[in-house]
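Following: one structure in C-alpha cells, then a few remarks.
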Amino acid sequence: MGGLWFTEKQTENFGITMKVNNTLHTEQTEFQKLDMVETEEWGNMLLLDGMVMTSVRDEFVYHEMVAHVPLFTHPNPENVLVVGGGDGGVIREVLKHPEVKKATLVDIDGKVIEYSKKYLPEIAGKLDDPRVEVRVDDGFMHIANSNGEYDVILVDSTEPVGPAVNLFTKGFYAGIAKALKDDGLFVAQSDNPWFKADLIRNVQRDVREIFPITRLYLANIPTYPSGLWAFTIGSKKHDPLAVTDDSFHEIETKYYTKEIHKAAFILPKFVADLVK
Ligand code: SAM
C-alpha cells in the first residue's frame, strides 16, 4: 500500500486502517496525544490517543444521535450541558432546538477546542454562538459542583481511559442525577457491544440503580470500533419511547428522523441480552 496509512487498533487483534493524505497538526497536550489528519476516505479527522474521535464525513450520525434523542424526549430542554464534546459537533446539533436557551460545554482540553475550530469548521462552527458557554474544566468536577440546574446533560467523552476514566463511574452518574432538574435526563456515549460488552452491562446496571427510566440505543458509525455504537439514556421522568408526533419539530438532519428515534431502541438479541 503506497502512501501514509493510519491504523487504529480497536482490540489487540483487530483494527481499521485508512489512507492519510496529510498530517495537519500533532501534539502531546496536557491530557492526551492530539492528531488532526486529512484522510482520503473520511476527510479531516480528529484522533485522541490514537483513537478516532470524529471525521467530517461520518460525524453527523453520532452528533445527531447524542443530541436529538434526548432533546426531543424532554418537553422543554432550556438548559443543556455537554461534558466533553470539544469538537463542537454535539453543540451544533443542540442549537437546532429553539427551546434551548443555554448550552454549556465543559471539555478538559482546550487544545481540542482550538484545533477543532481550525481544522473542523463544519463541526466546531457553532461554539461561538451566543447561547453557548465554553468552559475548559474537568467534567467530573463540574458535575460535582452542579445542583438541580440542567434539563439535559450529554456526555460526549473519550473512552474510559486517561482523563475520562471517572466519567463512566456510578459516582459520576449519581452526580449527574444531582445536577439535573427533577424531570431531567441524560445521555452518555457507551462504546460498542462487540468489544466492550462488559462496559455496556456495567453502565446500564449503574444507571438503572439511579434513574427510573434507563434504556440503550444504537447507531451505525463506520469509523468507530466495530461500527455499531451504543448510547445510554437515563431519565427521571420522560421516556424516550413515549414520544408522540407532537414531540417533534422540523430540523435539518442527515441520519436522525422520528422513525429512527424509535427504531434505534430496537436491539439485536445479543445486545438486548446485555441490558437485561
Ligand atoms: N465522540 C467521541 C467518542 O465517542 O469517543 C468523543 C469526542 S470528544 C472530542 C471527547 C472529549 O472528551 C475530548 O475532547 C476530551 O478532551 C474530553 N474529555 C475527556 N475526559 C474529560 C473530562 N474528565 N472532563 C471533560 N472533558 C473530558
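Keep in mind that the numbers below use all heavy atoms, side chains included, and drop hydrogens, waters and symmetry copies. Just so you know, ligand 1 is whichever comes first in the structure, and atom 1 is the first atom listed for that ligand.
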query: For residues E27 and H25, is any side-chain donor paired with an opposing acceptor at under 3.5 Å?
result: yes
field: Residue and atom name of the nearest protein heavy atom (relative to atom 9 (C) of ligand 1), distance in Å to one decimal
entry: D87 OD2, 3.5 Å
task: Give a yes or no on whether E252 atom CD has more than 12 heavy-atom contacts from other residues, nucleotides or ligands under 6.0 Å away.
output: no
Parallel, tilted or perpendicular, as decided by the 30° and 60° cut-offs, for the rings of H261 and F248: perpendicular
field: Best match, I108, L34, D107: closest heavy atom to atom 14 (O) of ligand 1
entry: D107
query: Applying a strict 4.0 Å limit to heavy atoms, is Q32 in contact with ligand 1?
result: yes
query: Looking only at non-hydrogen atoms, which of G85, S157, G86 approaches atom 3 (C) of ligand 1 most closely?
result: S157
query: For ligand 1, is there an N or O atom under 3.5 Å from any N or O atom of L167?
result: no
- request: Consider ligand 1: state whether an atom of it lies below 4.0 angstrom from any non-hydrogen atom of I113.
  value: no
message: Looking only at protein heavy atoms, which one is nearest to atom 2 (C) of ligand 1, and what is the separation?
response: Y224 OH, 3.3 Å
query: Using a side-chain heavy atom cutoff under 4.5 Å and only I, L, V, M, F, W and Y, what cluster partners does M53 have?
result: L24, L34, M36, L46, L48, M51, V56, V112, Y115, Y119, L120, I123, V161
- request: Taking the side chain as every heavy atom from C-beta outward, state whether P70 and I153 have any atom pair closer than 4.5 Å.
  value: no
F31 near ligand 1 by a heavy-atom separation under 4.0 Å: no
